[in-house]
Amino acid sequence: MGEGAGAVLVHGLYHRPEHFAEVAAGLRAEGIAVAAPELHRGSLAADTAAVQAAVDALGEPPILLGHSYGGSVITGVRGARHLVYVAAFVPDEGESAAALGGATPQLRDAVVSAADGPEGATRLHPGRAADVLYGDCPGPLAARAVGLLRSQAPGCGRGVPAHHSWKRTPSTYVVCARDRAIDPALQRTLAARCTDVRTWGTGHSPFVSRPALLVGLVRELIAGAGPRP
């Protein structure tokens, strides 16, 4: 890969950077610099600032990939070479992830109160999360991913981005057609806001179930391949 090529991987609610471990390892093996900032900063604005700092630190405009709620985060970040939305929210003016909806009944049923966080914090019930988020993953991979999940402070999903980079920056939307967490129909609607669309036959978390797909997509975008017909 070319000198300075880089990628910033942005996780969703309840997740951690470690969920991207296999993707990050695959990209680094190709000589691609990778950053995966920790969110859970208390608000969309604070999460966005953390990712903006990671983008700025890379020096060259990176591929900026957001998963689920991470789509709201990358929408507000400037300086990316290309935006990648994976089963993610692509908010427009005045919109938040919460307002866009799309959470399946299975996902809503998996959200329970968290005793170890601030008032209003929630977590995902481990048994239900395995099916909703990682239902297409082998058991050991799903169990590891569930073990990494953390509680979530309230309010981040109701944040509205300060600006909308997808209106000025090339973007690719990955529709996860077997998603049990975010309705694929909403994903297809949001994908129309992007400049390229891919549809993968995966569940909500291809970075766990099919990390090579994400490695290949980022590699392709860094190499400068144009959108598919």
Trainee: Tell me whether Val90 is reachable from Leu186 by hopping between hydrophobic residues (I, L, V, M, F, W, Y) whose side-chain heavy atoms are closer than 4.5 Å.
Mentor: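 As far as the 4.5 Å side-chain criterion goes, Val90 and Leu186 are connected within one cluster.
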
Trainee: Do any N or O atoms from the side chain of Asp136 and from the backbone of Thr202 form a donor-acceptor pair under 3.5 angstrom?
Mentor: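 Checked: no pair found.
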
Trainee: Could you tell me the separation between the CD1 atom of Ile222 and the CG atom of Leu27, rounded to the nearest 0.5 Å?
Mentor: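 The CG atom of Leu27 is 7.0 Å from CD1 of Ile222, to the nearest 0.5 Å.
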
Trainee: Do you know which two heavy atoms are closest between Ile182 and Gln187, and how far apart they sit?
Mentor: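 Ile182 and Gln187 have their closest heavy atoms at O-NE2, 2.9 Å.
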
Trainee: So, using side chain to side chain donor-acceptor pair (under 3.5 Å) as the criterion, who are the partners of Glu22 when residues are at least two apart?
Mentor: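 Partners of Glu22 by the side chain to side chain donor-acceptor pair (under 3.5 Å) criterion come out as none, since no residue qualifies.
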
Trainee: Please assess Arg144 against Tyr134 for the test side chain to side chain contact (heavy atoms under 4.5 Å, CB included), listing each intermediate value before the final yes or no.
Mentor: CA-CA 10 Å; Arg144 178 182 181 277; Tyr134 315 115; over 6 Å; no

Trainee: With sequence neighbours excluded, tell me which residues meet side-chain contact (heavy atoms from CB on, under 4.5 Å) with Ala110.
Mentor: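 Checked Ala110 against side-chain contact (heavy atoms from CB on, under 4.5 Å); matches are Leu124, Arg128.
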
Trainee: Can you tell me if Arg123 has over 12 outside heavy atoms packed within less than 6.0 Å of its CZ?
Mentor: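 Enclosed: over 12 neighbouring heavy atoms sit under 6.0 Å from CZ of Arg123.
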
Trainee: List the residues meeting ring-ring contact (aromatic ring centres under 6.0 Å, His included) with His40, not counting sequence neighbours, and say none if there are none.
Mentor: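 Checked His40 against ring-ring contact (aromatic ring centres under 6.0 Å, His included); matches are His11.
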
Trainee: Which heavy atom of Ala177 sits nearest to which heavy atom of Thr199, and what is that distance?
Mentor: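 Looks like CB-CG2, 4.0 Å.
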
Trainee: Can you name the salt bridge (Lys or Arg N to Asp or Glu O under 4.0 Å) partners of Asp131, sequence neighbours left out?
Mentor: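 Asp131 satisfies salt bridge (Lys or Arg N to Asp or Glu O under 4.0 Å) with Arg180 only.
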
Trainee: Could you note down all residue pairs passing ring pair (Phe, Tyr, Trp, His ring centres under 6.0 Å) where residues 61-90 supplies at least one of them, sequence neighbours left out?
Mentor: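 Every pair satisfying ring pair (Phe, Tyr, Trp, His ring centres under 6.0 Å) with a residue in residues 61-90: His15-His67, His67-His204, His67-Phe207.
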
Trainee: For Tyr14, give me all partners under ring-ring contact (aromatic ring centres under 6.0 Å, His included), at least two apart in sequence or on another chain.
Mentor: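 With neighbours one apart ignored, the set is empty.
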
Trainee: What pair of heavy atoms forms the shortest contact from Ala7 to Ile32, and how long is it?
Mentor: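 In this case the closest contact between Ala7 and Ile32 is N-CG2, 4.1 Å.
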
Trainee: Provide the closest heavy-atom pair for Ala88 versus Gly71 in the form atom of the first, atom of the second, distance.
Mentor: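 Here Ala88 and Gly71 meet closest at CB-CA, 3.8 Å.
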
Trainee: Measure from the side-chain N and O atoms of Asp47 to the backbone N and O of Arg41, and report whether any donor-acceptor pair falls under 3.5 Å.
Mentor: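 The answer is yes, because a donor-acceptor pair under 3.5 Å joins these two groups.
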
Trainee: Quick one, Val51 with Leu39, criterion side chain to side chain contact (heavy atoms under 4.5 Å, CB included). Give me CA distance, side-chain angles, the key distance, then yes/no.
Mentor: CA-CA 8 Å; Val51 175; Leu39 301 186; 3.8 Å; yes

Trainee: How would you list, by chain and number, every residue that makes a side-chain contact (heavy atoms from CB on, under 4.5 Å) with Pro140, sequence neighbours excluded?
Mentor: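 For Pro140 the side-chain contact (heavy atoms from CB on, under 4.5 Å) partners, ignoring immediate neighbours, are Pro138.
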
Trainee: Flag the pair Arg188 / Val197 as yes when at least one side-chain heavy-atom distance between them is below 4.5 Å, and no otherwise.
Mentor: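 Counting from C-beta outward, Arg188 and Val197 never come under 4.5 Å.
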
Trainee: Hey, does the side chain of Ser205 reach the backbone of Leu133 with a donor-acceptor pair shorter than 3.5 angstrom?
Mentor: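 Checking the backbone N and O of Leu133 against the side chain of Ser205, a donor-acceptor pair under 3.5 Å is found.
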
Trainee: With a 4.5 Å limit on heavy-atom distance, are the side chains of Leu44 and Val160 in contact?
Mentor: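 They are not in side-chain contact.
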
Trainee: Taking the side chain as C-beta and beyond, is there a heavy-atom pair between Leu13 and Ser68 under 4.5 Å?
Mentor: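 A side-chain contact under 4.5 Å is absent here.
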
Trainee: Which residues satisfy the side-chain contact (heavy atoms from CB on, under 4.5 Å) test with Pro62, sequence neighbours excluded?
Mentor: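 Testing Pro62 for side-chain contact (heavy atoms from CB on, under 4.5 Å), a comparison that skips the adjacent residues, returns Val8, Val55, Leu58.
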
Trainee: Which residues pass the salt bridge (Lys or Arg N to Asp or Glu O under 4.0 Å) test with Glu95, not counting sequence neighbours?
Mentor: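 Listed in chain order: Arg193.
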
Trainee: Return the CG to CD1 distance between Leu83 and Ile74, rounded to the nearest 0.5 Å.
Mentor: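 Answer for the CG-CD1 pair, Leu83 versus Ile74, is 5.0 Å.
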
Trainee: Which residues pass the side-chain contact (heavy atoms from CB on, under 4.5 Å) test with Ala98, not counting sequence neighbours?
Mentor: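 Expected list: Ser96, Arg158.
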
Trainee: Which residues pass the side chain to side chain donor-acceptor pair (under 3.5 Å) test with His163, sequence neighbours left out?
Mentor: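 Listed in chain order: Arg78.
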
Trainee: With heavy-atom distances below 4.5 Å as the criterion, would you say the side chains of Leu217 and Trp200 are in contact?
Mentor: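 Yes, side chains in contact.
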
Trainee: For Asp92, give me all partners under side chain to side chain donor-acceptor pair (under 3.5 Å), at least two apart in sequence or on another chain.
Mentor: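 Counting only residues at least two positions away or on another chain, Asp92 forms a side chain to side chain donor-acceptor pair (under 3.5 Å) with Lys167.
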
Trainee: Are Leu148 and Val86 in one and the same hydrophobic cluster, where Ile, Leu, Val, Met, Phe, Trp and Tyr link if side-chain heavy atoms are under 4.5 Å apart?
Mentor: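 Per the 4.5 Å side-chain linkage, Leu148 and Val86 are not co-clustered.
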
Trainee: What's the shortest heavy-atom distance between Leu141 and Cys137, and which atoms?
Mentor: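 Reported closest heavy-atom pair: CB-CB, 4.3 Å.
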
